[in-house]
Amino acid sequence: MALILGVGVGTFLIFLIWVAVVLICSVFRNIVQAKAVYVLTFLVGGLLSIILIMYPREATSQPQTSAYEKSYDHIAIGRGALTIISCVFLGLGALSLLLFHFAKPVHSKPL
């Protein structure tokens with residue numbers, strides 16, 4: 001199994017996706033009309049992360065020795081936990097985007 005900086009290729013790709021999302025959002029932060037870019041980048045990043053988590057590339061080089069051998073999914077709990085964590089942080093990011101970017105601040109008039 002190939003490792004990049006001590007983690008697997010899929011984990012490294014998910015990290016790169018979210019680094020790209022943060023970089024794109026920081027590039028478009030000063031543009032007033034770029035609200036759709038924020039939503040689009042978060043949705044694309046979340047969708048790609050969920051795809052990479054739900055459909056992992058498993059090793060196919062292990063031969064099946066018996067037709068009656070049971071197959072177990074040993075990473076189902078970890079994959080489910082990563083999906084839940086990813087969805088929670090995606091929701092928190094969308095909520096913070098809604099609260100701090102889309103909501104216009106209301107300032108009081110000076111006395």
Side-chain angles (χ1 to χ4, degrees):
M1 183 170 136
L3 294 178
I4 301 173
L5 299 175
V7 296
V9 176
T11 307
F12 190 73
L13 282 175
I14 291 174
F15 175 74
L16 283 180
I17 287 170
W18 285 104
V19 166
V21 166
V22 169
L23 286 175
I24 290 171
C25 287
S26 67
V27 165
F28 287 102
R29 115 183 120 202
N30 292 328
I31 300 175
V32 176
Q33 296 87 8
K35 292 181 182 180
V37 174
Y38 286 112
V39 175
L40 186 64
T41 54
F42 276 108
L43 288 177
V44 169
L47 183 67
L48 288 175
S49 296
I50 289 173
I51 288 172
L52 285 173
I53 290 170
M54 295 304 291
Y55 299 107
R57 187 180 142 246
E58 296 178 6
T60 58
S61 62
Q62 299 173 353
Q64 292 285 346
T65 57
S66 173
Y68 299 105
E69 186 175 332
K70 291 184 179 181
S71 174
Y72 296 102
D73 188 12
H74 295 288
I75 59 170
I77 294 173
R79 188 170 48 223
L82 282 174
T83 304
I84 290 170
I85 291 169
S86 176
C87 289
V88 165
F89 280 107
L90 182 66
L92 287 174
L95 181 67
S96 68
L97 182 68
L98 175 72
L99 291 177
F100 298 117
H101 186 71
F102 292 146
K104 292 182 180 179
V106 178
H107 299 288
S108 63
K109 294 180 182 179
L111 294 175

Q: Without swapping roles, check the side chain of S86 against the backbone of L82 for a donor-acceptor pair under 3.5 Å.
A: no
Q: Test side-chain contact (heavy atoms from CB on, under 4.5 Å) on L16 and F12 and set out the steps.
A: CA-CA 6 Å; L16 283 180; F12 190 73; 3.4 Å; yes
**Q.** Apart from I85 itself, residues in the same hydrophobic cluster as defined by side-chain heavy atoms under 4.5 Å
**A.** I84, V88, F89, L92
Q: Kindly give the cluster partners of I77, where membership spreads through any ILVMFWY side chain lying under 4.5 Å from a current member.
A: none
Q.
For a quick test of reading the model, state the closest non-hydrogen atom pair linking M54 to T83 and the distance between them.
A. SD-OG1, 3.4 Å
Determine all donor-acceptor pairs shorter than 3.5 Å in which one atom belongs to a side chain in residues 39-49; sequence neighbours excluded.
{"residue": "T41", "atom": "OG1", "partner": "V37", "partner atom": "O", "Å": "2.9"}
{"residue": "T41", "atom": "OG1", "partner": "Y38", "partner atom": "O", "Å": "2.9"}
{"residue": "S49", "atom": "OG", "partner": "W18", "partner atom": "NE1", "Å": "2.6"}
{"residue": "S49", "atom": "OG", "partner": "G45", "partner atom": "O", "Å": "2.9"}

**Q.** Pairwise distance CD1(I50) to CG(L90) - rounded to 0.5 angstrom
**A.**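 Between I50 CD1 and L90 CG, I get 6.5 Å after rounding to 0.5 Å.
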